[in-house]
Amino acid sequence: MPEHYDLIEKIKGAMPGFSKSQKRIASYIMEHYDKAAFMTAAKLGKVTEVSESTVVRFAVELGFDGYPRFQKALQELIRNKLTSVQRMEITTSKMGEQDILRTVLLSDAEKLRSTLDEVDKEAFAGAVEAIAGAKRIYILGARSCYALASFLSFYLNLIFPNVKMVSNSAATETFEQMFRAGEGDVVIGISFPRYSRRTVNALAYAAGQGAKVIAITDSARSPITGNAAHTLVARSDMSSFVDSLVAPLSIINALIVALVMRNKDEVAETFGRLEHIWEEYQVYDQRTEGNDE
């Protein structure tokens, strides 16, 4: 299936040849694609008043080998189209009267399992090598991904001397902060739905200047992967009002640990010096339990 395959256009084109029941399914999907993408075949059949088997045949009629593949294609299509209002509606419908704490934790655990099964270990190793050998390291993440970029920047600054966190400012300032990026440098871009155009453009600029781009995102079809030398895929929940960044954070943790292990002697020396500074300037609270002085 082509990368920019438009499933909605495919459904529209096939509409004249559909049966009455199939047209009912097609019309619902075109009008409510945001909800249909997360419905089981049985649920979609119920809301369109057709049988589950009719929904499955509808998917096959469109060229899929079953409903799960059709549903996945629909979810890929809308990855960057869901508005915050649509996300909130989907979250509300999915949660219902469930135990929210348990449901969210189990959902995050599933994303970690999926990420572990799907992550490209060669891409991970390549990313570690590229970062370790970089002259300068730039880290970029906009909106909710800014927190991930900041976390990664904090630790890489303890490992390497030339790490620059690109601040979450105006688009023109982003390029001003990155204009020296070039050959021998690495730019780490982090972006999850809804993808930041600023991040996409900044990574394209960096690649054009000869810098090596590492993308941390949710799919090989993410718009930030086009200029990436290495792509690390971590699953997130694009249908949730609050972005689930547990799996991306875990990937970032793994990167940090791998880089520390690769440079453990230098890192040990750095932390030894930092411990003296932290103690001298009382950076951390040294009180033990029960000591209120």
Worksheet item: Are Y155 and F151 an aromatic pair by the rule of ring centers under 6.0 Å?
Response: yes
Worksheet item: Under a 4.0 Å N-O cut-off, is there an ion pair linking R262 with E129?
Response: yes
Fill in: hydrophobic_cluster_shared for V257 and L255, side chain cutoff 4.5 Å
no
Worksheet item: Are side-chain N/O atoms of S19 and S21 paired as donor and acceptor at under 3.5 Å?
Response: no
Discussion item. Please say yes or no: joined through hydrophobic side-chain contacts below 4.5 Å, possibly via intermediate residues, are F70 and I8 part of one cluster?
Written reply: yes
Item to complete: Please determine which of I188, N162, V187 meets the side chain to side chain contact (heavy atoms under 4.5 Å, CB included) test together with I137.
Response: I188
Practice prompt. List the atom of A59, the atom of Y67, and the distance in Å for their closest heavy-atom pair.
Written response: CB-CA, 4.0 Å
Discussion item. Using only atom types and a distance under 3.5 Å, with no angle test, would you say the side chain of T48 pairs donor to acceptor with the backbone of L44?
Written reply: yes
Worksheet item: In terms of side-chain heavy atoms, does T270 have a donor or acceptor partner in E266 at a distance below 3.5 Å?
Response: no
Worksheet item: When you check the side-chain N and O atoms of T54 and R57, is any donor under 3.5 Å from an acceptor?
Response: yes
Item to complete: Determine the sole option in R180, M165, Q177 for which the side chain to side chain contact (heavy atoms under 4.5 Å, CB included) test with Y138 is passed.
Response: R180
Item to complete: Find out whether L148 and L249 are in side-chain contact, i.e. whether some heavy atom of one side chain is under 4.5 Å from a heavy atom of the other.
Response: yes
Worksheet item: Any side-chain heavy atom of V267 sitting closer than 4.5 Å to one from L158?
Response: no
Worksheet item: Is the shortest heavy-atom distance from the side chain of R24 to the side chain of E49 under 4.5 Å?
Response: yes
Worksheet entry | Cluster link V50 to M30, ILVMFWY, side chain under 4.5 Å | yes
Item to complete: Examine the side chains of E173 and S167 and answer whether a donor and an acceptor come within less than 3.5 Å of each other.
Response: no
